[in-house]
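Below is one structure, written out as structure tokens, with a few remarks after it.
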Amino acid sequence: MKLAAIVVLLLSAAAQAAPAPAGRPNIVFVLIDDAGFGDLGPYGSEIATPNIDQIAQAGVRLTNFHTASTCEATRVMLQSGVDNHRAGAGTLQVAMAESQKGRPGYEGHLSDQAHSLGQLLKDGGYSTYYAGKWNLGFGLERSPGARGWDRYISLELTGADNFEAKVYAPFNTEAIWWEDGRRATLPKDFYSSRTYVDKLIGYIDQGRSQGKPFMAMLALQAVHSPLQAPAADIAKYLGRYQAGWDSLRQQRYQRQVELGLMPAGLSLPQASARRPWESLSTAQRREFARKMAVFAAMLDNADQQIGRLREHLRRSGELDNTVFIVMSDNGADGFDLSQLNLPFRLWYRANFALGFEQMGGPGSYVHYGQDWAEVSNTPLAGFKGTSAGGGMRVPFIISHPSRLKPGGSSAAFAYATDFLPTILDIAGIAQPSDEYRGKKLHRPTGQSLMPHLEGRTPSVHGPDQAIGFESTGGQALIRGDYKLMRNGAPYSDNRWKLYRLSDDPTEARDLSNQEPALMKTLLAEVEAYNQRVGVVMPEPGYNPLRQVLVNNWPVLVQQLWPLLLVASLALASLVWLGLRLWRRSAAR
């Protein structure tokens, strides 16, 4: 019986891992970090992205593609095809609530019970290459190589400096990259976007003799903070943003209307803390205009590196047989960690140059702020970390030379869990079951985009299929045209709101009081989703920004102890001096 069982198991694994028919395309997946819906040229941006423009012209733009509102949750869904709670990233690790610590689904790495995109492609006959931010587990045992990627260089953290091996926030004591089974040493001329493309080109060239198609994932640090770019790229944009965010946002929206991406007549939502550009002083306008110039330069440079990769594939004769997918992992980030609270301000002053002249260069820290983030998310409401459109609705572009007509667009709703089934469809690899390599794994829940994009189905998901999301206490559920959502502190009042996205993409008209029966039905769907995937809600009073300080206080103390010691001694001296003066006064 044991021998028979082993034979059956081996045959089953062989069938699951069997390569699909020959002639399959190469696949290049570009994941941009923290770009908003309106940041890329094909979505109305003024930033020069000619290479991404070419991909859009050769393929299809999606205008209703949703991710998680935070990077970790999106990345595990892209890699696994299942909800972030089932894939091991139920929340943002640095802001994890006390109620969630140690609970299933909140492990902070790509779950051992989830499939892996790299492993599925590798078993299906592809060479697999990864370069960039990983953010799916610490240590070599949780690196891309442990999940099926043949060659890789990976930043294990949520982000890092772009010019050197340096942490960008007081979440860790060192920035760590792994490369092909060992700790990576960064080149002397390291710049994240350029170096990652250099690595992918090398992997592709060195693997060509194997005669297999390749899957290459470029997980850029751009445009995650710190915003940094080569000086020549920054110089291109120094005079571009002096008119301010009010004007630029309107310009981007008008281009979106002209491109047919958004309906005319929308009132652009505004955050409560938003400042009119005209209310700023001359010095403030100069500072913020430069910050946005650095953001634009960083995205421009990322596009240049994408173009360099495409040109290399063209010269090798592989470009016409290569699928390109470009997307952002979530919406634009409106929260500047360097201004979070006093301990964080002290940490950034101790570790980065914050002056105007250094802005964007090596050693500097730049975040462009909430007002420019609203421009990035044009015309949507909210930011990264919220379940509003500005947190979850992102650009998504796909070109497939042999299967998709050029220049198309789709307003059909799609979700991050649809990515893995789409890649497998493109690669000609069967969708995996819940038994794989002798292990019980979560079966992917998404749908391939290809039947819809090829015109064979009217949508990706049926009108009655409900898809839920939760992270850091923010929740959303989308079914058909409707979206139910709520956010807690500091973003909102934790009240459920209902929107019809088909005619209200900016989520301006709350229908919760007008549709009580639908509200009841969708709230029941939310509860079913929570139970199904194992959502653990944060404790009452939870605030993710405050929790960031609580969770990372040990790192802050470790890195700031000299400053804290000096401050403590100074305070003790003041107290001693005050007591001495008081005693003298009392003695008189």
Side-chain angles (χ1 to χ4, degrees), residues 27-33 71-80 87-89 92-94 107-112 114-123 126-207 210 214-222 224-226 228 302 305 309 329 555:
I27 305 168
V28 174
F29 174 39
V30 180
L31 184 60
I32 305 173
D33 201 334
C71 50
E72 290 171 39
T74 293
R75 288 162 194 264
V76 294
M77 289 195 283
L78 296 175
Q79 293 285 335
S80 69
L92 196 64
Q93 291 294 298
V94 297
E107 295 86 358
H109 59 76
L110 180 58
S111 172
D112 295 330
H115 282 282
S116 163
L117 175 67
Q119 193 66 58
L120 290 168
L121 268 290
K122 181 177 182 177
D123 290 347
Y126 270 69
S127 295
T128 53
Y129 309 132
Y130 191 101
K133 172 177 163 179
W134 178 240
N135 196 199
L136 296 178
F138 292 95
L140 192 57
E141 66 277 11
R142 297 290 179 190
S143 69
R147 300 311 300 261
W149 296 91
D150 293 320
R151 302 290 307 278
Y152 62 94
I153 181 169
S154 61
L155 169 66
E156 71 174 20
L157 311 179
T158 61
D161 194 283
N162 295 279
F163 286 108
E164 59 182 307
K166 178 180 178 181
V167 296
Y168 81 101
F171 303 151
N172 310 91
T173 56
E174 60 179 338
I176 297 173
W177 281 259
W178 297 102
E179 183 173 15
D180 294 346
R182 65 185 186 279
R183 181 81 175 264
T185 300
L186 301 182
K188 291 182 179 180
D189 64 345
F190 174 74
Y191 179 68
S192 61
S193 298
R194 182 182 63 245
T195 298
Y196 295 152
V197 169
D198 285 344
K199 292 293 183 180
L200 282 184
I201 288 174
Y203 300 156
I204 291 167
D205 286 352
Q206 293 157 23
Q210 298 177 18
F214 65 79
M215 166 80 188
M217 182 166 175
L218 174 60
L220 295 162
Q221 289 175 228
H224 191 288
S225 59
Q228 297 169 318
Q305 306 311 320
L309 175 58
D329 64 346
V555 176

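The residues of the chain are indexed from 1 along the displayed sequence. In this text the structure is predicted, and so the values were computed from the model without any measurement.
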* Under the side chain to side chain contact (heavy atoms under 4.5 Å, CB included) criterion, do Ser80 and Leu110 qualify, and how do the steps go? -> CA-CA 8 Å; Ser80 69; Leu110 180 58; 4.1 Å; yes
Taking every heavy atom of Glu156 against every heavy atom of Gly137, the minimum-distance pair comes out as CB-O, 3.9 Å
Using side-chain heavy atoms (C-beta onward) and a distance below 4.5 Å, is Val30 in contact with Ile32? yes
Any luck finding a side-chain donor-acceptor pair between Gln210 and Ser127 under 3.5 Å?
yes
Here the pair of heavy atoms bringing Tyr129 nearest to Phe214 is CE1-CB, 3.6 Å
Distance-only, no hydrogens or angles: does the Thr128 side chain make a donor-acceptor pair with backbone N or O of Met215 under 3.5 Å? no
Shortest non-hydrogen pair, Glu164 vs Leu186, comes out as C-CD1, 4.1 Å
Leu220 and Asp33 have their tightest heavy-atom pair at O-CB, 3.5 Å
* Any salt bridge between Glu179 and Lys199, counting N to O under 4.0 Å? -> yes
Could you tell me whether Glu141 and Arg147 have a side-chain N and a carboxylate O separated by less than 4.0 Å? no
Check your understanding: Does the side chain of Lys133 come within less than 4.5 Å of Leu157's, by heavy atoms?
Key -> no
Any luck finding a side-chain donor-acceptor pair between Gln221 and Asn162 under 3.5 Å? yes
> Going by the angle between their ring planes, with limits at 30° and 60°, are Tyr130 and Trp149 parallel, tilted or perpendicular?
Replying inline: perpendicular
Thr74 and Asp329 have their tightest heavy-atom pair at OG1-O, 2.8 Å
Which is it for Leu78 and Leu31 under the side chain to side chain contact (heavy atoms under 4.5 Å, CB included) test, yes or no, and what are the steps along the way? CA-CA 10 Å; Leu78 296 175; Leu31 184 60; 4.0 Å; yes
Smallest heavy-atom separation, Ala216 atom then Leu200 atom, equals CB-CD2, 4.2 Å
Taking Arg194 for the side chain and Asp189 for the main chain, is one N or O donor matched with an acceptor at less than 3.5 Å?
yes
Ring centres under 6.0 angstrom apart (Phe163, Tyr191)
yes
| Do side-chain atoms of Tyr152 reach the backbone of Gly181 as a donor and acceptor pair under 3.5 angstrom? | yes
Applying side chain to side chain donor-acceptor pair (under 3.5 Å) to Asn172 and not counting sequence neighbours gives none
Pair Asp161, Gln228: side-chain N/O donor-acceptor within cut-off below 3.5 Å = yes
>> Do Phe171 and Thr158 have side chains that approach each other closer than 4.5 Å (heavy atoms only, starting at C-beta)?
In response: yes
Would you call Leu136 and Glu72 a side-chain contact if the rule is heavy atoms closer than 4.5 Å?
no
Dump the intermediate steps for ring pair (Phe, Tyr, Trp, His ring centres under 6.0 Å) on Tyr196 and Trp177, then the final yes or no.
-> CA-CA 12 Å; Tyr196 295 152; Trp177 281 259; 7.5 Å; no
Sorted by chain and number, sequence neighbours left out, side chain to side chain contact (heavy atoms under 4.5 Å, CB included) with Ser225 holds for Tyr168, Tyr365, His367
